[in-house]
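Treat the numbers as computed from the prediction; the structure is a model and nothing was measured. All chains are named by letter (A, B, ...) in the order of the sequence lines, taking the proteins before the strands, and each is independently numbered beginning at 1.
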Protein chains: 2
Amino acid sequence: MARGPRQADIARMSGVSQATVSVVLGGNRAGVRLAEDTRRRVLAAAEELGYVPDPVATRLASSRNNLLGLYTFTATFPTDVADSYYPILVGVEEEAAELGQDLILFTGSSAGTRTHDHTRIHRTRLADGCLFLGRHVPDEPIRELVASGFPVVYIGRREELGGTIPYVGADYVSASAELIGRLADAGHTTIRYLREDDDAPSSRDREQGVLAGAAAHRLDVRVDRFDGAGLPDLGRWAAEGVTAVVVEETDTGAVFHAVTGALAAAGMSAPGDLSLAVLGRPPAGVPGPVVSGFEVPRREMGRGAVRLLDALVGPDRRAAPELHRLLPCAPVAGDTIRRNQDV
Amino acid sequence: MARGPRQADIARMSGVSQATVSVVLGGNRAGVRLAEDTRRRVLAAAEELGYVPDPVATRLASSRNNLLGLYTFTATFPTDVADSYYPILVGVEEEAAELGQDLILFTGSSAGTRTHDHTRIHRTRLADGCLFLGRHVPDEPIRELVASGFPVVYIGRREELGGTIPYVGADYVSASAELIGRLADAGHTTIRYLREDDDAPSSRDREQGVLAGAAAHRLDVRVDRFDGAGLPDLGRWAAEGVTAVVVEETDTGAVFHAVTGALAAAGMSAPGDLSLAVLGRPPAGVPGPVVSGFEVPRREMGRGAVRLLDALVGPDRRAAPELHRLLPCAPVAGDTIRRNQDV
DNA sequence: CTGAAAGCGCTTACAG
DNA sequence: CTGAAAGCGCTTACAG
């Protein structure tokens, strides 16, 4: 493929060395003294030739490229979880654009084999640093990346490598506890928490918050795991005195759909027959009243992660940035919690 | 930043030259004969050291990087136009993943100055080729890129550079004409087409299709441009005998919202008082009956564009791919066209 | 069968 | 004040 003009061409044209061209064009970072005349000749030649630096060569020589990676641990772009994925991507992209960084998207291997992932993950080195995103994340490749000094930031809290990996996440613990508090305030004492049968930091944090809230308000909160099959037995729960159901929010909305499905199947509705709350927002397009819950600040998480990564990439070890941030989740009052009359 | 092991380290470890390492690790493209033993030693050393090729160096030396660019001509990631942008991105990413290509996202300058854009656009050279996306596209930088032999594909029809730029678009002309045909079949003879006051290939194609449909069915179709201020005067249109309104679809949905706003303001509804059709799909979340129109195959456009770009990037000039493709738009019957009784 | 050399287009010390 | 050199980590002819 035919390439454009390079520094050597400018050098020839303006009668200086290629290195001088580099200095002039590089904005003279090193503070070298340059003859004004030389500078002008070089600039004129560059302009005339339509010179544009080759980013690959620049990167190889200087090891900084204004390129930030985003590695997502899914085979392909999430389409079924667009609600949760896109806002993050928007935040990431916004902040990257503001910082003048380009973005490179990596996707996990479809095969999902260790070796393959291993190779792919190392391609992130093309960028100056990389963001990682995904409910589940393989430990090993990241360890190597981090060990080699490559800047890495997670979107979402992570515990890997002894909690040393930088991240920007959401404070699910506080938000979940606060939601239980709202239920307590509404007079509910017997509550069922339904979560997915799948472990991830975001799941652990929510459960921890639920249990903390229960303890703080001396409530009877039982935790059930939804195994994906069948519908929750709402009738039995009611018989056990349950007046409010809290469901975990995940990107697929599986638990939420299971509960609303069970409600519909039983001819029940929220909050008429049962108070309902979700630890986040329900899936988009759900009809009916606004479900009580809280916002997950995905866009801000994306932005914050980029800012942190940029700070980590920068050579200037200024005031070391905070390596672990948990963003607050604003409560959504909603209309699905009603006062419990049994109190 | 500390880097990982390189070929030189492997060479030292296995007692061969760095060049031999390159040959072994490169899968021996050149068909060089290698001692099986050497191959094994090199591979073993690479494995032990956890070697991963530096993609930047690879690209500089070989000019192929398995990296495809996507340049979007907006200051930031479109959030208000997510409906139209995200499906394209999904298609692009899916196909890229299938082809084993990573994706690099470039955004236009926020400043929007010529020079700045010019510089940024050339950063796309980091990739092996680049997709371009945007309603409006500056001519000049693309020209240079194409002139230098850099593979470029547009998403959406483009006329720049004498129509030589490869693209994958949607066949708005046929789809728009077909929609007018549906209106004609329903007995409408006096139709108003409301479009944005903004020129782009997609707007021109729609208008052309509308006019072609009108001519084919000998209808009275007048074209109005919506200047963004105020609401269309539905009352006057009705007085002029208009029984159906067709609106352009654009990523912002501005025209559509103007018409539905005017309908509401006039206490009217579609199709009760007026038949309504849109040249595409209405903005998401619009309540009421399904609006008659057609699908825009955004995801397929994304996929097709990636396939085309990949073919262009590949060194093997096999059966030259079709450089210009227009994908069909499936009709959406909808419920907003009713039989015109005035016939 | 394998090594030494040149080169991709830059940046960054280091000499003058 | 500016040039020559080395080097970033690879690939690709080209010698042996």
Side-chain angles (χ1 to χ4, degrees), chain A residues 1-12 14-42 46 49-67 122-123 125-126 128 148 315, chain B residues 1-12 14-42 45-46 49-67 119 122-123 125-126 128 148-150 315:
Chain A
M1 134 188 174
R3 308 305 305 278
R6 46 217 73 168
Q7 292 187 345
D9 300 319
I10 299 176
R12 216 170 298 125
S14 46
V16 300
S17 77
Q18 176 265 319
T20 302
V21 172
S22 173
V23 170
V24 171
L25 263 27
N28 196 359
R29 278 184 269 284
V32 181
R33 280 184 300 178
L34 281 175
E36 180 54 25
D37 177 57
T38 310
R39 219 180 67 82
R40 253 199 295 267
R41 275 211 321 283
V42 169
L49 291 173
Y51 171 79
V52 185
D54 180 331
V56 178
T58 306
R59 165 79 172 148
L60 183 59
S62 74
S63 77
R64 180 79 205 255
N65 209 11
N66 297 322
L67 206 49
H122 276 89
R123 265 183 67 81
R125 287 181 183 286
L126 225 186
D128 297 327
S148 76
Chain B
M1 136 188 172
R3 306 306 306 278
R6 45 216 75 165
Q7 293 186 347
D9 300 318
I10 300 176
R12 216 171 299 126
S14 46
V16 299
S17 76
Q18 175 265 319
T20 302
V21 173
S22 173
V23 170
V24 171
L25 263 26
N28 195 359
R29 278 182 269 283
V32 181
R33 278 184 303 178
L34 281 174
E36 181 53 25
D37 178 56
T38 309
R39 219 180 67 83
R40 251 200 295 269
R41 275 213 319 283
V42 169
L49 291 173
Y51 171 79
V52 184
D54 180 330
V56 177
T58 307
R59 166 83 174 144
L60 183 59
S62 76
S63 75
R64 182 76 206 254
N65 210 7
N66 296 323
L67 211 47
T119 300
H122 275 89
R123 269 183 62 82
R125 287 182 184 286
L126 231 186
D128 297 327
S148 75
F150 186 75

Minimum heavy-atom separation for Ile10(B) to Val42(B), with atom names?
CG2-O, 3.8 Å
Rounded to the Å, how far apart are Asp128(B) CG and dC8(C) P?
19 Å
Looking only at heavy atoms, which two atoms of Ala11(B) and Ser17(B) are closest? And how far apart?
CB-C, 3.6 Å
Can you work out whether Glu36(A) or Gln18(A) has the more 5'-proximal nearest nucleotide on DNA chain D?
Glu36(A)
Under 4.0 Å between a side-chain N or O of Ser22(B) and OP1 or OP2 of dT11(D)?
yes
Closest listed nucleotide, where the reference is the side chain of Val16(A) and the choices are dT12(D), dG3(D), dA4(D)
dG3(D)
Nucleotide paired to dA4(C) in any strand shown, Watson-Crick or G-U, under 3.5 Å
none
Any side-chain N or O of Thr20(A) below 4.0 angstrom from OP1/OP2 of dT2(D)?
no
Look at the side-chain N and O atoms of Thr38(A) and state whether any lies under 4.0 Å from the OP1 or OP2 oxygen of dC1(D).
no
Specify the separation, in whole Å, of atom CG of Leu49(B) and atom P of dG9(D).
14 Å
How long is the line joining CZ of Arg6(A) and C1' of dG7(C), in whole Å?
11 Å
Salt bridge flag under 4.0 Å for residues Arg12(A) and Asp9(A):
yes
For atom CD1 of Ile10(A) and atom C1' of dG9(C), their distance in whole Å:
12 Å
Looking only at side-chain N and O atoms, does Thr58(A) come under 4.0 Å of OP1 or OP2 in dC10(C)?
no
Re dA13(C): Watson-Crick or G-U wobble partner, both distances kept under 3.5 Å, found to be none
Heavy-atom closest pair, residues Leu60(A) and Leu60(B)
CD2-CD2, 3.2 Å
Roughly, in whole Å, what's the span from CZ in Arg40(B) to P in dC1(C)?
14 Å
Taken to the nearest 0.5 Å, the spacing of Leu49(A) CG from Gln7(A) CD works out to 12.0 Å
In whole angstrom, give the distance that lies between atom CZ of Arg39(B) and atom C1' of dT2(C).
15 Å
Just how far, in rounded Å, is C1' of dG9(D) from CG of Asp9(B)?
11 Å
Distance, rounded to the nearest Å, where Leu60(A) contributes CG and dA6(D) contributes P
18 Å
Between Gln7(A) and Ala57(B), just flag the one whose closest nucleotide in DNA chain C comes earlier from the 5' side.
Ala57(B)
By nearest atom, which of the nucleotides dG9(D), dC10(D), dG7(D) is closest to the Tyr51(B) side chain?
dC10(D)
